[in-house]
**Student:** 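I'd like to ask you about the structure that follows.
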Amino acid sequence: MSQPFSCIVWACSLLLSLGIQAAELPNGIQLSDNQTIKRTLQGDPESLDPHLAIGMPEDHVIRELFEGLVTQDLQGNIIPGQAESWQSSSDGKIWTFNIRKGLKWSDGKPLNAYDFVYSFRRLADPKTASPYAWYLASMSIKNAKAITEGKASASELGINAPNEHELILTLSQPTPYLLPMLTHRSVKPVPEQAIKKYGKNWVMANNIVVNGPFILKKRVIRELLTLGRNALYWNDSKTVLTQVTFLIIESETATLLRYRANEVDMVSVIPVSHYKSLATKVPEQLKSTPALSTYYLTFNTKKPPMDNKKIRRALAFAINREKIASSILGLGQKPAYTFTPPTVTGFIPPVPDYQAMSDSERLFLAKQLLEDAGYSKEKPLKLTYLYNNTGINRLIAIAVQEMWQKHLPVILTLESQEWATYLQNKLSGNYQVARALWGGDYDDAMTMLDNHTPEHANNSSFYDNPAYNQSLSKAQETLNRKQRNKIYEQAELILARDMPITPVFWNSNNYLIKPNLRGVSYTNPEGRIYSKEIYRIK
């Protein structure tokens with residue numbers, strides 16, 4: 001990385017530190033007296049510990065409670081967070097972050113660069129057993145992989161603080177997408193004092209200590225979480241909302257009913273059967289944008305019969321993606337034959353061999369593959385399909401069941417579970433076929449593709465192909481985005497050939513937002529909403 005790049009990073013960081021932060025109210029705006037909102041979650045968060053959380057419900061809440069070195073604006077662009085500015089060395093291996101002065105935890109204790117050192121080390125430490133420990137190695141932080149594998153001490157991680165306001169990250173190689181990666185929940189700071197005092201119970205409502213714009217006031221398991229303003233947040237004066245309540249509602253229909261009854265102000269799940277009606281009746285409240293996420297089926301490749309590539313490919317070929325995306329759903333989703341959506345800047349998804357076939361050609365080949373694997377009408381392939389119980393997931397499960405059983409010698413049993421149980425069974429390998437959804441964490445195809453590497457905690461297919469892994473390692477070392485995207489295209493083709501997972505559709509972000517709400521970041525490709533930006537007008 002050249003010196004001019006370093007100067008650009010430094011200059012941009014200074015400009016950003018002076019830019020718009022949190023809710024910036026237009027001139028003449030009249031605020032409502034009621035500055036509380038109610039949102040929904042499709043599952044109860046398993047943990048509010050940034051190092052132990054893994055699902056989307058957790059992400060939505062943790063984003064309100066904790067803030068990292070950097071954060072995002074309404075469009076998803078990187079802006080300063082706990083760090084007011086940063087600069088990179090000429091070779092891109094040393095990053096220095098200037099931590100804001102006067103930062104405090106919600107318990108009043110000072111927050112400084114040493115807290116980030118503690119937090120990064122805790123994430124890497126095998127004793128923490130974080131499902132996102134791999135993330136540090138993906139960022140190329142020095143010694144991260146050796147530490148997570150138990151071959152080095154956490155104190156050897158490439159992070160240090162010369163003083164309270166200077167944090168230095170040392171990388172083993174330049175990481176071109178480092179700043180976007182730093183928006184992830186796993187690299188937000190956690191309070192050493194609370195963790196030492198309460199242990200694993202530090203995230204309980206009466207114990208939790210945070211550094212974000214909101215604090216946890218109340219939690220009723222499987223019912224709600226209520227957040228209040230954090231008066232000690234560095235930019236609290238620009239936050240308008242006084243309270244955010246997350247209601248745990250797994251049913252899309254129930255969520256819509258609550259929205260219509262004005263019991264919910266914003267929802268991000270819309271029943272398929274109501275979408276067209278809503279687009280006609282309340283178009284100003286319905287927001288749809290392409291998402292950086294993919295809905296897919298994951299196959300348990302470590303257990304028979306899904307360890308057989310012929311079976312996986314046959315099942316993938318027999319899915320009519322166009323029908324699911326357009327006819328069954330019709331919420332703006334696009335049929336997917338590769339894992340990474342075109343939402344990623346500059347990435348053009350390649351066309352795998354099976355995508356170029358007609359439906360009849362794919363079905364013919366699917367039958368042939370199953371026959372080669374030893375299955376027939378007399379000896380059908382018996383499988384169980386695991387999904388968490390929501391309306392859209394149920395529709396897709398039924399559609400896949402019909403497609404497979406109609407065209408192939410397959411008997412598919414559907415098994416629905418509540419979120420936490422489903423997630424545990426999928427990640428532990430207690431399944432054969434399961435639905436899955438992955439939303440990217442930053443604007444680079446790596447955020448999608450490294451899901452299928454051995455180190456990734458979300459690698460529920462347990463896929464491990466040296467050629468695939470090597471291609472991603474090469475991409476990680478490639479600074480030029482255009483060249484890097486070419487490598488990603490080849491990785492996609494390897495994935496399509498081995499089929500440890502099969503993409504179904506590229507997802508869309510769909511929201512219903514009450515007309516008197518402003519500052520909702522629904523255009524963020526990662527689907528991240530920041531309540532600190534939101535306010536209610538009269």
Side-chain angles (χ1 to χ4, degrees), residues 1-2 5-6 9 69-70 78 86 88-95 120 123-124 130-149 151-152 156-159 168-184 186-187 292 294 338-341 343-350 438-459 461 463-496 498 500-501 526:
M1 195 174 292
S2 65
F5 176 85
S6 175
V9 170
L69 293 167
V70 299
I78 302 300
W86 50 83
S88 166
S89 62
S90 59
D91 63 1
K93 292 184 179 181
I94 308 294
W95 285 77
F120 275 59
L123 175 62
S130 171
Y132 266 88
W134 60 269
Y135 198 73
L136 295 172
S138 186
M139 294 168 67
S140 300
I141 295 183
K142 188 177 180 180
N143 296 327
K145 186 174 182 181
I147 295 168
T148 56
E149 292 177 348
K151 299 176 182 177
E156 298 178 61
L157 188 67
I159 185 170
I168 299 176
L169 290 183
T170 303
L171 311 183
S172 57
Q173 63 187 36
T175 302
Y177 36 83
L178 177 73
L179 290 176
M181 290 191 77
L182 287 171
T183 63
H184 193 262
S186 64
V187 288
L292 181 57
T294 300
T338 56
F339 194 64
T340 306
T343 321
V344 171
T345 300
F347 179 76
I348 301 174
W438 181 253
D441 298 313
Y442 50 93
D443 183 20
D444 191 89
M446 184 67 77
T447 191
M448 303 296 295
L449 294 174
D450 66 355
N451 269 265
H452 313 298
T453 57
E455 296 82 11
H456 201 292
N458 199 62
N459 182 13
S461 69
Y463 181 59
D464 186 2
N465 181 327
Y468 181 83
N469 301 338
Q470 289 168 11
S471 68
L472 293 192
S473 295
K474 183 179 179 181
Q476 195 172 21
E477 300 171 356
T478 304
L479 299 183
N480 182 279
R481 182 186 280 272
K482 186 175 181 179
Q483 294 175 4
R484 196 163 67 247
N485 281 334
K486 288 294 182 183
I487 299 172
Y488 292 143
E489 290 174 21
Q490 295 306 309
E492 286 280 8
L493 294 177
I494 295 173
L495 201 64
D498 291 350
I501 58 97
E526 291 100 325

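Reckoned from all heavy atoms, side chains included, excluding hydrogens, waters and symmetry mates. The first residue of the sequence shown is numbered 1, and numbering continues consecutively from there. The structure displayed is predicted, hence computed values, not measured ones.
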**Student:** Is there a donor in the side chain of Thr453 and an acceptor in the side chain of Asn451, or the other way round, less than 3.5 Å apart?
**Tutor:**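 No donor-acceptor contact under 3.5 Å links the two side chains.
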**Student:** Looking at Trp438, Phe339, Tyr463, which one forms a ring pair (Phe, Tyr, Trp, His ring centres under 6.0 Å) with His452?
**Tutor:**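 Running ring pair (Phe, Tyr, Trp, His ring centres under 6.0 Å) over Trp438, Phe339, Tyr463 with His452 returns exactly one hit, Phe339.
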**Student:** Given Leu136 and Thr148, is the side chain to side chain contact (heavy atoms under 4.5 Å, CB included) satisfied, shown in steps?
**Tutor:** CA-CA 9 Å; Leu136 295 172; Thr148 56; 5.7 Å; no
**Student:** Is the backbone N or O of Pro500 less than 3.5 Å from a side-chain atom of Asp498, with the two atoms forming a donor-acceptor pair by type?
**Tutor:**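 Checking the backbone N and O of Pro500 against the side chain of Asp498, no donor-acceptor pair under 3.5 Å is found.
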**Student:** Contact between Leu69 and Val187 at the side-chain level, heavy atoms closer than 4.5 Å - yes or no?
**Tutor:**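 Not in contact.
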**Student:** Asp443 versus Pro180: any side-chain heavy-atom pair under 4.5 Å?
**Tutor:**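 With C-beta onward as the side chain, the pair stays apart.
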**Student:** Of all heavy-atom pairs between Leu292 and Pro341, which one has the smallest distance, and what is that distance?
**Tutor:**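 Smallest interatomic distance, heavy atoms only, reads CD1-CG, 3.9 Å.
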**Student:** For a quick test of reading the model, state the closest non-hydrogen atom pair linking Pro174 to Leu479 and the distance between them.
**Tutor:**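 Smallest interatomic distance, heavy atoms only, reads CB-CD2, 3.7 Å.
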**Student:** So do Trp134 and Asp450 actually touch side chain to side chain, heavy atoms under 4.5 Å?
**Tutor:**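 Side-chain contact under 4.5 Å: yes.
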**Student:** Give me the ring orientation class for Tyr132 and His184: parallel if the planes are under 30° apart, tilted from 30 to 60°, perpendicular past 60°.
**Tutor:**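 Answer is tilted, since the angle falls between 30° and 60°.
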**Student:** Are the side chain of Ser89 and the backbone N or O of Ile94 linked by a donor-acceptor pair below 3.5 Å?
**Tutor:**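 Such a contact is found between Ser89 side chain and Ile94 backbone.
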**Student:** Should Met181 and Asp441 be marked as a side chain to side chain contact (heavy atoms under 4.5 Å, CB included) after you check the CA-CA gap, both sets of side-chain angles, and the distance that decides it?
**Tutor:** CA-CA 7 Å; Met181 290 191 77; Asp441 298 313; over 6 Å; no
**Student:** Going from OG on Ser138 to NE2 on His456, what distance comes out if it is rounded to the nearest 0.5 angstrom?
**Tutor:**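 Here the rounded value is 7.5 Å.
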**Student:** Let me confirm one number: the OH-CG distance from Tyr135 to Leu182, rounded to the nearest 0.5 Å.
**Tutor:**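 The CG atom of Leu182 is 7.5 Å from OH of Tyr135, to the nearest 0.5 Å.
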**Student:** Can you tell me how far the CD atom of Gln490 sits from the CG atom of Leu495, to the nearest 0.5 Å?
**Tutor:**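 Gln490 CD to Leu495 CG: 13.0 Å, rounded to 0.5 Å.
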**Student:** What is the minimum heavy-atom distance between Leu449 and Ala491, and which atoms define it?
**Tutor:**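 Shortest heavy-atom separation between Leu449 and Ala491 comes out as CD1-CB, 4.2 Å.
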**Student:** What residue among Thr338, Thr340, Asp444, Ile348 forms side chain to side chain contact (heavy atoms under 4.5 Å, CB included) with Tyr488?
**Tutor:**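 Option passing the side chain to side chain contact (heavy atoms under 4.5 Å, CB included) with Tyr488: Asp444.
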**Student:** Kindly give the heavy-atom pair with the smallest separation between Leu123 and Ser130, and that separation in Å.
**Tutor:**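 In terms of heavy atoms, the two residues are closest at CD1-OG, 3.2 Å.
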**Student:** Roughly how far apart are Lys93 NZ and Lys142 NZ, rounded to 0.5 Å?
**Tutor:**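 Here the interatomic distance stands at 9.5 Å.
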**Student:** Which residue in the set Leu171, Ile147, Thr175 passes side chain to side chain contact (heavy atoms under 4.5 Å, CB included) when paired with Ile141?
**Tutor:**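 Among Leu171, Ile147, Thr175, the one meeting side chain to side chain contact (heavy atoms under 4.5 Å, CB included) with Ile141 is Leu171.
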**Student:** Met448 versus Phe347: any side-chain heavy-atom pair under 4.5 Å?
**Tutor:**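 Not in contact.
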**Student:** Kindly compute the distance separating OH (Tyr177) from CD1 (Ile78), expressed to the nearest 0.5 Å.
**Tutor:**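 CD1 of Ile78 is found 14.5 Å from OH of Tyr177.
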**Student:** How long is the span from the CD1 atom in Ile159 to the CG atom in Asn143, to the nearest 0.5 Å?
**Tutor:**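 Rounded to the nearest 0.5 Å, the CD1-CG separation comes to 12.5 Å.
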**Student:** Which pairs, with at least one residue in residues 470-480 and sequence neighbours excluded, count as a side chain to side chain donor-acceptor pair (under 3.5 Å)?
**Tutor:**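 Side chain to side chain donor-acceptor pair (under 3.5 Å) check on residues 470-480 returns Ser140-Gln476.
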